Amino acid sequence: MTMETATNGRASSRKTGPLFVDASALAAELRKAIRGEVRFDAGSRALYATDGSNYRQVPIGVVIPRDVDDVVQTVAICRARGALILSRGGGTSLTGGCCNVAVVIDWSKYLNKVLAIDPEKKLARVQPGTVLDVLRLEAEKHHLTFAPDPSTHTHNTLGGMIGNNSCGVHSLMGLGTGRTSDQVHELEILLYDGTRMTVGATTEDELERIIAAGSRQGEIYARLRDLRDRYADEIRRRYPTNLPRRVSGYNLDDLLPERGFHVARALSGTEGTCVTMLEASLHLVHSPAVKSVLVLGYPDVYAAGDHVPEILEFKPTGLEGLDDVLVRDMKKKNIHPQDITLLPRGGGWLLVEFGGESKEEADEKAHRLTDHLKSVANPPSMKLFDDEAEEEHLWKVRESGLGATARIPGAKDAWEGWEDSAVPPDQVGDYLRDLRKLLTKYGYGCSLYGHFGQGCIHTRIDFDLKTVAGVEHYREFLNEAGDLVVAYGGSISGEHGDGQSKAALLPKMFGADLVRAFGEFKAIWDPGNAMNPHKVVDPYLPGENLRLGPHYHPPQLETHFRFPDDKGSFSYATERCVGIGECRKEQNGTMCPSYMVTREEMHSTRGRTHLLFRDVPGRPNEAGVEERRGSRGA
Ligand SMILES: Cc1cc2nc3c(=O)[nH]c(=O)nc-3n(C[C@H](O)[C@H](O)[C@H](O)COP(=O)(O)OP(=O)(O)OC[C@H]3O[C@@H](n4cnc5c(N)ncnc54)[C@H](O)[C@@H]3O)c2cc1C
C-alpha cells in the first residue's frame with residue numbers, strides 16, 4: 001500500500017463531516033451569494049494546496065472574500081453543504097497548519113486594512129489579512145509598534161500571527177511573554193454554526209452575567225468555565241511558568257481566573273481549528289526611536305547560548321544567536337556575502353539590540369554591556385554597529401536563516417520539522433549541546449540559530465522525506481527530540497504552532513488529560529470538527545500528507561535547458577520553492593512585481609512554482625484526494 005492510500009484510508013475513517021461534498025453545487029451557490037471571488041478550478045486549488053511546510057493537501061476550493069459579509073455567507077453555505085473550512089493569510093506556516101482538504105478562505109487580498117489606531121490606549125484594530133509591516137508602518141507614526149515580528153514580517157498577516165501565536169526578535173519588548181497572544185486585546189469571531197461575538201478578558205462578575213443572559217455566548221462561556229474548573233489544577237501544574245515561548249498546545253492557561261478568563265487569548269494559537277477571526281484589537285507598545293546593534297563572537301554557538309542570561313540582565317530589545325554552520329551555508333549560497341564579513345571573530349554569535357530615544361542613549365546601553373564583558377574572564381569579541389544600513393543587513397543575515405538553509409550546494413536538502421523548539425533561556429547552551437548530540441546520533445546535519453533571548457532554537461534539518469525508511473527515521477528522531485525538549489521543561493513549538501508536524505507529540509508535554517482538554521475546548525467551538533480538522537487536535541501524523549514523500553517519483557523529463565544547479569532535473573527544480581512567501585512582500589524590493597500589482601498568489605513566484613510542481617507528472621495521488629472528498633470540480 002502506498003503512503004498516500006494509507007493516508008486517505010486513515011483520514012476517511014475519521015469524523016470530519018460528510019465524506020463527499022458536491023463541489024460544483026457548492027461553488028455555484030457561493031458565486032451567487034458573495035461579492036468576492038470563488039475559485040474551484042484545479043489550478044487555484046493547487047495554488048493553495050501547501051504553505052511553507054512539508055505538507056500538501058489539495059483544498060476543495062478557494063474563496064477570496066471582499067468583505068466580512070462574504071465570509072459569513074461562505075461559512076453558512078459551507079455549513080449547509082458539510083464542507084470543511086480553513087482561513088489563510090500569507091500561507092507561510094511551517095507545520096502544515098495552513099493546508100487542508102477544506103474550502104480555503106484567503107483573507108490577504110481584500111481584508112487587509114488597519115481600521116484604527118488609538119495612540120492613547122495604544123490599541124490597533126485590524127482586519128485579519130493585514131500584513132504585519134503595514135500595521136507597523138502605521139503604528140510608527142505614533143512611535144508605537146506591534147512587538148512580535150516573525151522573520152516573515154514583510155508578508156505574513158495578523159490573522160496568521162494570531163492563528164499561530166507568532167513571535168519574533170522583538171517579542172522581548174512585548175507585553176507578557178511577548179507572544180502574539182499576549183498582545184491580543186479583543187477578537188471578533190465567527191463560529192462555524194454562524195454565531196458572531198466579541199471576546200476578550202472577562203471578570204468573574206461579567207462571566208456570571210454573560211452566562212446568566214442565556215445567549216449562545218453564555219452557553220459557550222459556561223462550558224469554557226466548566227472546562228477550566230475541571231482542569232485548573234492540571235493546567236497550573238503542567239504549563240511552564242519560566243518559559244517565554246510556550247506556543248505548543250491551546251492557551252488553556254488564559255482561561256484561569258488569575259489570567260482574567262481571556263477568551264481572545266485562549267483562542268490565539270488555535271491555528272484556525274476553533275473559530276474564524278473577523279477582526280482583531282491588538283495592544284501596541286512604545287517603539288524606541290533608535291536602535292544600536294552589538295555583535296558578540298564566542299568560540300562556538302554553545303558558549304554563546306551559555307551567556308544568554310548574562311546578556312538579558314542588560315535588558316536588550318532583541319537577542320538572537322547564530323552558529324558558524326549558518327554562516328558557512330550562506331557563504332556557499334552567496335547570500336549576504338558582504339554582510340557576513342561584518343561579524344566579529346568567533347564560531348558562534350549573539351546579536352544584541354538596544355533601543356533608545358537617541359543614538360547616544362542606545363549606544364550607552366550597549367557600552368554598559370561591553371564594559372561589563374571586558375571585566376569578566378574570556379570576554380567575547382565585540383563589535384558595535386553605528387551604521388543603520390549595516391545594522392539592517394545584519395538582521396537580514398539572521399532573518400534569512402530558515403529560507404537560506406533549504407538547499408545548500410553540495411549538501412542534502414534540509415526541511416523544517418524540528419525548527420522552533422524552545423527551552424527556558426538559561427538552558428539554551430546545554431539544550432543546544434544535547435540537541436546536537438541527538439542530531440549526530442541520527443546522522444543529521446544542520447545549523448543552529450534563533451531567538452536565543454527567549455530560548456527558541458531554529459534549524460532546518462536534512463531529513464530524508466522521500467523514502468519510507470527516511471520518513472520512519474524522521475519520526476523516530478521527532479519522538480526523541482520531543483522527550484529531550486520536555487526534559488528541559490521546554491516547548492515542542494516555540495513560535496510556529498503544532499499544526500500537523502508537532503501535534504502528535506503534545507501528550508509528551510502536556511499529558512493525556514490536558515490533550516483531552518484540548519479536544520474538549522475545540523469541541524465547544526466546533527462540535528462538528530469542520531474547522532481545519534486534524535491539526536493540533538486528533539492530528540494527522542507527521543509523516544502523513546507529505547508534499548514529497550515516498551510516493552513522489554517524478555519522471556525525468558527531456559528539457560531544452562539543462563538545469564545544472566538542480567541535478568539536471570526539471571522536476572527537482574520545481575521543488576526549489578519551499579513556500580516561505582518572500583515573493584509576496586509589497587513594501588519594497590523588486591520581487592515580485594506582478595504580485596505587488598495583482599496581489600494574486602498565482603502571480604507570485606511561489607504560486608508559479610506550485611503550479612509547475614502540480615503539472616509535473618508523478619505528483620502524489622491527487623485523484624485519490626478528489627475521490628475522497630467527492631469533489632467533481634467546477
Ligand atoms: C522563512 C520563515 C521564517 C519564519 N519565521 C518566523 C518567526 O520568526 N516567528 C514566527 O512566529 N513564525 C515564523 N514563521 C512562521 C510564519 O511565517 C508565522 O507564523 C506567520 O505569522 C504566519 O502568518 P501567515 O499570514 O502566513 O499565516 P498563515 O500561514 O496564512 O496562517 C496561520 C494560521 O492562522 C490561521 N488563520 C489565518 N487567518 C485566520 C482567520 N482570519 N481566522 C482564523 N484563523 C486564521 C490559519 O488557518 C493557520 O492555521 C516563519 C516562516 C517562514 C517560512
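These numbers were taken from a predicted model, which means no experiment stands behind them. Ligands are counted one by one from 1 in listed order, and the atoms in each one are counted from 1 as well.
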Between S53 and D51, does the side chain to side chain donor-acceptor pair (under 3.5 Å) criterion hold? Intermediate values first, please. CA-CA 5 Å; S53 73; D51 42 20; 2.5 Å; yes
Could you check D498 against S248 for side chain to side chain donor-acceptor pair (under 3.5 Å), going step by step and ending with a plain yes or no? CA-CA 6 Å; D498 302 312; S248 274; 2.6 Å; yes
After noting the C-alpha distance and the side-chain angles of Q587 and T154, does the key distance pass the side chain to side chain donor-acceptor pair (under 3.5 Å) rule? CA-CA 7 Å; Q587 305 293 319; T154 55; over 6 Å; no
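The six-membered or imidazole ring of Y540 lies away from that of Y55, with a centre-to-centre distance of 6.0 Å or more.
The shell of residues lying under 4.0 angstrom from ligand 1, judged by heavy atoms, includes T276. Residue contacts with ligand 1 leave out G52, since none of its heavy atoms falls under 4.0 Å from the ligand. Not a single heavy atom of K535 lies less than 4.0 angstrom from ligand 1.
Shown in contact with G272 at under 4.0 Å from a heavy atom are these atoms of ligand 1, numbered in order with element: 44 (N), 47 (O), 49 (O). Within ligand 1, the atoms closer than 4.0 Å to a non-hydrogen atom of S93 are 28 (P), 29 (O), 31 (O), 32 (C), numbered from 1 in the order shown. Annotation for ligand 1: atoms under 4.0 Å from non-hydrogen atoms of L86 are 47 (O). Of all atoms in ligand 1, numbered sequentially from 1 with element shown, those under 4.0 Å from a heavy atom of H451 are 8 (O). Close approach of ligand 1 to P128 is summarised as follows: ligand atoms under 4.0 Å from at least one heavy atom of the residue are 41 (N). Those atoms of ligand 1 that come under 4.0 Å of a heavy atom in R88, given as number and element, are 30 (O).
Every residue was checked against the ring pair (Phe, Tyr, Trp, His ring centres under 6.0 Å) condition with H153, not counting sequence neighbours, and none meets it.
Checking only distances, G168 never comes within under 3.5 Å of ligand 1, N or O to N or O. Checking only distances, I580 never comes within under 3.5 Å of ligand 1, N or O to N or O. Looking at ligand 1, you'll find an N or O of G89 within less than 3.5 Å of one of its N or O atoms. For ligand 1, the polar-atom distance check against G579 finds no nitrogen or oxygen pair separated by under 3.5 Å. For the pair G91 and ligand 1, the shortest N or O to N or O distance falls below 3.5 Å. Ligand 1 has an N or O atom lying under 3.5 Å from an N or O atom of E271, backbone or side chain. Backbone and side-chain nitrogen or oxygen atoms of T157 are examined, and one is located within less than 3.5 angstrom of a nitrogen or oxygen of ligand 1.
For N156 and T92, the side-chain atoms include no donor-acceptor pair closer than 3.5 Å.
Contacts between L94 and ligand 1 below 4.0 angstrom, taking non-hydrogen atoms only, involve the side chain exclusively. Contacts between V275 and ligand 1 below 4.0 angstrom, taking non-hydrogen atoms only, involve the backbone exclusively. Looking at H496 against ligand 1, only its side chain comes within 4.0 Å, counting heavy atoms. Proximity of E582 to ligand 1, defined as any heavy-atom pair under 4.0 Å, is not found for any part of the residue. Proximity of C167 to ligand 1, defined as any heavy-atom pair under 4.0 Å, is confined to the backbone N, CA, C and O atoms.
We find that R547 and E575 are not joined by a salt bridge, their nearest charged nitrogen and carboxylate oxygen being 4.0 Å or further apart. Between K502 and D420 there is a salt bridge, with a side-chain nitrogen of the basic residue lying less than 4.0 Å from a carboxylate oxygen of the acidic one. Electrostatic pairing of E601 and R39 does not count as a salt bridge here, judged by no charged N lying under 4.0 Å from a carboxylate O. Residues E271 and K522 are not paired through a salt bridge, judged by the lack of any N-O separation under 4.0 Å between the basic side chain and the carboxylate.
One N or O on the side chain of S594 and one on the backbone of H603 form a donor-acceptor pair closer than 3.5 Å. In this structure a side-chain-to-backbone donor-acceptor pair under 3.5 Å is missing from R125 to A116.
Here the shortest heavy-atom distance to atom 21 (O) of ligand 1, taken over G494, G97, S166, belongs to S166. The heavy atom nearest to atom 33 (C) of ligand 1, considering only T130, N165, N164, is found in N164.
Evaluation of the ring pair (Phe, Tyr, Trp, His ring centres under 6.0 Å) test over residues 167-195, restricted to residues two or more places apart or in two chains, returns H185-H283.
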